[in-house]
Amino acid sequence: MPGPARRPTPASDLGRASGSAPLRIGNASGFYGDRFDALREMLTGGPLDVLTGDYLAELTMLILGRSRLKDPRKGYATTFLRQLEEGLGLAHENGVKIVANAGGLNPAGLADAVRTLAEKAGLLVRVAHVEGDSMPVPDGFLTANAYLGGSGIAACLRAGADVVVTGRVTDAALVTGPAAAHFGWGPDDLDALAGAVVAGHVLECGTQATGGNYAFFGEHDPARLRRPGFPLTEIHADGSSVITKHDGTGGIVDIGTVTAQLLYETGEARYAGPDVTARLDTVRLTQDGPDRVRIDGVRGEAPPPTLKAGLTRLGGWRNEVVFVLTGLDIDAKAQLVQDQFTDALARGGARPPAEVRWELARTDHPDADTEERASALLRLVVRDQDAETVGRAVSGAAVELALGSYPGFHVTAPPGKGAPYGVFEAVHVPAGEVRHTAVLPDGTRTVIEPPSRTRELAPLDEPPLPEPYPATATGSAPLGLIAGARSGDKGGDANVGVWVRDDDAWRWLAHELTVDRFKELLPETADLAVIRTVLPNLRALNFTVRGLLGEGVAAQARFDPQAKALGEWLRSRRLPVPVPLLADVSLPEVTA
């Protein structure tokens with residue numbers, strides 16, 4: 001069992017770090033809805049100086065916006081407050097600072113709620129918050145928020161805050177802010193800040209850094225992956241860090257798990273943020289012992305003169321019906337119900353929805369031993385600006401087919417009346433137009449000036465590729481036998497990071513997985529713009545697919561609206577692989 005947490009740096013000493021002791025920053029949330037017990041587990045599992053929580057995502061802002069419409073006092077992540085009912089006392093006892101972006105659209109309201117909670121518990125807790133991300137909301141939109149950096153968080157901590165809650169900051173700001181406060185970094189300490197940004201990016205999604213959602217999970221003891229521990233980073237004064245986790249917790253921290261998270265939801269090699277632009281092509285990873293990965297070598301450049309801002313709005317209404325097709329004649333059954341549905345809409349006098357999408361998933365197996373394995377799914381998704389057009393008109397047309405359509409007709413759930421869907425849009429605004437403000441524990445309001453040095457973003461030239469792998473015999477095999485992948489979303493774009501684990505495989509991958517090959521393997525991307533970024537230090541390629549996700553996750557335009565499994569689809573695709581690279585690889589199980 002891990003011992004009790006030590007009492008770390010007192011608040012009054014924050015910003016006057018001495019010696020070589022690293023700052024230990026943990027993560028207890030990767031999204032709004034993550035493991036509820038994580039905050040308590042991180043506070044009791046081992047020593048920490050700061051505990052962070054990331055509660056915001058593009059979809060979350062829309063959810064909080066709708067919550068605020070119902071109750072103007074809300075608009076923040078209420079789960080965080082419930083976690084503090086127990087965690088606040090534990091953090092106070094052990095001197096652990098808590099920094100979270102759970103304030104969402106109402107950081108001041110959450111700060112007040114934390115103070116009330118502390119008073120009820122009899123705790124003397126100094127609470128601060130960061131605001132200024134909220135921007136004027138254009139007509140037709142629900143929320144508009146700029147992504148702030150870590151400087152406001154740093155100012156709050158330097159003023160003695162025990163708890164800092166923020167609105168929309170970058171995910172990495174939850175780490176750069178405490179690190180800057182502790183080590184006394186200023187805006188010109190670009191390499192150190194960039195190192196903290198990389199560490200923060202690894203931590204931000206919680207257990208994705210400790211074996212969660214990991215491509216090579218099958219190589220590890222399943223018992224270790226059953227409940228991965230949350231990650232922490234040990235940051236040093238020069239910005240280098242070690243990614244690890246509390247002793248005795250589940251999961252794995254190795255170069256592969258850290259590489260996977262580094263590639264998640266990134267784009268080109270210049271990873272821009274409000275504090276610094278981190279150069280992902282300079283990152284070096286080294287195994288530093290069991291469950292310890294060292295990150296160093298990160299170079300930083302001045303941040304761009306603009307801030308990213310996210311706007312959300314209600315985009316319209318959608319409905320969905322999933323028809324189950326069982327046994328023989330699957331294609332003919334699917335065609336029959338599509339024709340009947342179209343005819344039923346027309347006979348009912350309703351105009352068709354603006355967008356009608358059918359997708360047949362052949363999940364059926366021949367001569368199946370269960371009914372479910374004998375069945376395919378035909379998914380109908382409709383979207384329109386009018387609720388009635390996707391509501392009763394659609395559900396009625398689907399239901400009336402029940403006794404007059406294909407044999408074995410049934411659906412996975414009764415058709416409903418439809419639901420609103422959201423749209424996320426990203427814009428960029430001059431940093432000077434955003435009033436980034438730290439509200440200190442005593443109520444003092446400190447305006448955080450934007451960096452005086454900025455640098456416009458520009459693509460880097462592609463680095464030299466390694467020598468091609470020698471010509472040799474090849475065999476058709478899934479890419480995933482050689483390469484790992486992780487994918488995700490940024491607005492309407494998707495990204496897929498692909499990496500390999502040795503130099504021979506890198507010599508092959510760097511030349512084989514071109515943009516053309518990528519599009520060939522993933523035909524849904526064939527007509528879209530795809531940008532390839534080469535990251536030799538990580539033996540990795542990152543692909544950004546423009547527009548694959550339409551109007552973003554809230555619009556639910558695709559079966560996989562956040563592109564979470566896009567990388568796994570890529571890994572399942574077969575291509576010619578040099579036979580020597582397959583020598584020590586077990587062939588995958590093939591399902592008929």
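FYI, the numbering just counts along the sequence from 1.
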Query - Heavy-atom pair with the smallest gap, counting every atom of C205 and Y264 - result: SG-CE2, 3.5 Å
Report summary line: By side-chain hydrogen bond (donor to acceptor under 3.5 Å, both in side chains), Q562 pairs with (sequence neighbours left out) none
**Report entry** Student check: side-chain heavy atoms of V137 and L142 closer than 4.5 Å
**Finding:** no
Query raised in the report: Do the non-hydrogen side-chain atoms of V253 and P231 ever get within less than 4.5 Å of each other?
Result: no
Report task. Keeping the roles fixed (side chain from T437, backbone from R435), state whether a donor-acceptor pair exists under 3.5 Å. Result -> yes
Report summary line: In terms of heavy-atom contacts, L48 and M42 come closest through CD1-O, 3.4 Å
Report task. Using the side-chain contact (heavy atoms from CB on, under 4.5 Å) rule, take T312 and F424 through it: C-alpha gap first, then chi angles, then the decisive distance, then the call. Result -> CA-CA 5 Å; T312 67; F424 174 88; 4.0 Å; yes
Query - Stepwise side-chain contact (heavy atoms from CB on, under 4.5 Å) test for L262 and V198 - result: CA-CA 7 Å; L262 269 176; V198 170; 3.4 Å; yes
Query raised in the report: If only atom types and distance count, is the side chain of N145 paired as donor or acceptor with the main-chain N or O of G310 below 3.5 Å?
Result: no
Report task. Flag the pair R318 and E355 as a salt bridge only when some basic side-chain nitrogen lies within less than 4.0 angstrom of an acidic carboxylate oxygen. Result -> no
Query raised in the report: Is T277 close to R455 at the side-chain level, that is, under 4.5 Å between some pair of heavy atoms?
Result: no
N/O donor-acceptor pairs under 3.5 Å from side chains in residues 116-124, not counting sequence neighbours:
from: T116; atom 1: OG1; to: D112; atom 2: O; distance (Å): 3.1

Requested in this report: Identify the residue among V50, T176, V175 that makes a side-chain contact (heavy atoms from CB on, under 4.5 Å) with I235.
Outcome: V175
Report summary line: Here the gap from L314 atom CG to Q385 atom CD, rounded to the nearest 0.5 Å, amounts to 10.0 Å
Query raised in the report: Between P304 and G273, what is the shortest heavy-atom contact and its length?
Result: CD-O, 3.7 Å
Report task. Check for a donor-acceptor pair, side chain of S240 on one end and backbone N or O of H236 on the other, with a separation under 3.5 Å. Result -> no
Requested in this report: Please list all pairs passing the salt bridge (charged side-chain N to carboxylate O under 4.0 Å, His left out) test where one or both residues lie in residues 167-190, with sequence neighbours left out.
Outcome: R168-D171, D188-R453
Requested in this report: Would you check if the side chain of N27 reaches a backbone N or O of L203 as a donor-acceptor pair within less than 3.5 Å?
Outcome: yes
Query - Y32 OH to T79 OG1 distance, which is reported to the nearest 0.5 Å - result: 4.0 Å
Query - Side chains of T233 and V202 in contact at under 4.5 Å (non-hydrogen atoms) - result: no
**Report entry** Step-by-step side-chain contact (heavy atoms from CB on, under 4.5 Å) determination, V447 to R445
**Finding:** CA-CA 7 Å; V447 175; R445 303 177 64 84; over 6 Å; no
Query raised in the report: Do other residues, nucleotides or ligands put more than 12 heavy atoms under 6.0 Å from R66 CZ?
Result: no
Query - Under 3.5 Å donor-acceptor, Y76 side chain and N106 backbone - result: no
**Report entry** From E234 atom CD to I243 atom CD1, the distance as rounded to the nearest 0.5 Å
**Finding:** 9.0 Å
Requested in this report: Rounded to the nearest 0.5 Å, what's the gap from CD on Q83 to CG on L43? Could you check?
Outcome: 10.0 Å
Requested in this report: Please determine if D49 and R24 form a salt bridge, counting it only when a charged side-chain N lies under 4.0 Å from a carboxylate O.
Outcome: no
Requested in this report: Any chance you could lay out the side-chain contact (heavy atoms from CB on, under 4.5 Å) test for L23 and F183, step after step, and finish with the verdict?
Outcome: CA-CA 9 Å; L23 181 70; F183 293 114; 4.0 Å; yes
**Report entry** Under 3.5 Å donor-acceptor, R299 side chain and T282 backbone
**Finding:** no
Query raised in the report: Does G416 offer a backbone N or O that forms a donor-acceptor pair with the side chain of N319 under 3.5 Å?
Result: yes
Query raised in the report: Between P136 and A144, what is the shortest heavy-atom contact and its length?
Result: O-CB, 3.8 Å
Query raised in the report: Would you say K74 has more than 12 foreign heavy atoms packed within less than 6.0 Å of its NZ?
Result: no
Report task. Please name all residues satisfying side-chain hydrogen bond (donor to acceptor under 3.5 Å, both in side chains) with N495, sequence neighbours left out, ordered by chain then number. Result -> N542
Requested in this report: Find out whether L157 and K97 are in side-chain contact, i.e. whether some heavy atom of one side chain is under 4.5 Å from a heavy atom of the other.
Outcome: yes
Report task. Evaluate the side-chain proximity of L110 to H129: yes if any heavy-atom separation is below 4.5 Å, no if none is. Result -> no
**Report entry** A563 backbone acceptor or donor facing S487 side chain under 3.5 Å
**Finding:** yes
Report summary line: For R35, the side-chain hydrogen bond (donor to acceptor under 3.5 Å, both in side chains) test, sequence neighbours excluded, returns E41
Query raised in the report: Counting only N and O atoms by type, is there a donor-acceptor contact under 3.5 Å from the side chain of R284 to the main-chain atoms of R294?
Result: no
Query - Side-chain donor/acceptor of D384 to backbone N/O of A354, under 3.5 Å - result: yes
Report summary line: For A260, the side chain to side chain contact (heavy atoms under 4.5 Å, CB included) test, sequence neighbours excluded, returns Y214, R486, W499
Query - Separation of D493 CG from E265 CD (nearest 0.5 Å) - result: 11.5 Å
Query - Residue pair L56 / G104: nearest heavy atoms and the distance that separates them - result: CD2-CA, 3.9 Å
**Report entry** Sub-4.5 Å side-chain heavy-atom contact between V169 and D133
**Finding:** no
Requested in this report: Give, for atom NE2 of H246 and atom OG1 of T210, the distance between the pair rounded to the nearest 0.5 Å.
Outcome: 12.0 Å
Query raised in the report: More than 12 non-hydrogen atoms from neighbouring residues, nucleotides or ligands closer than 6.0 Å to CZ on F559, yes or no?
Result: no
Query - For L148 against E131, the heavy-atom pair lying closest together - result: CD1-O, 3.9 Å
Query raised in the report: Does L263 reach the side chain of L535, with side-chain heavy atoms less than 4.5 Å apart?
Result: yes
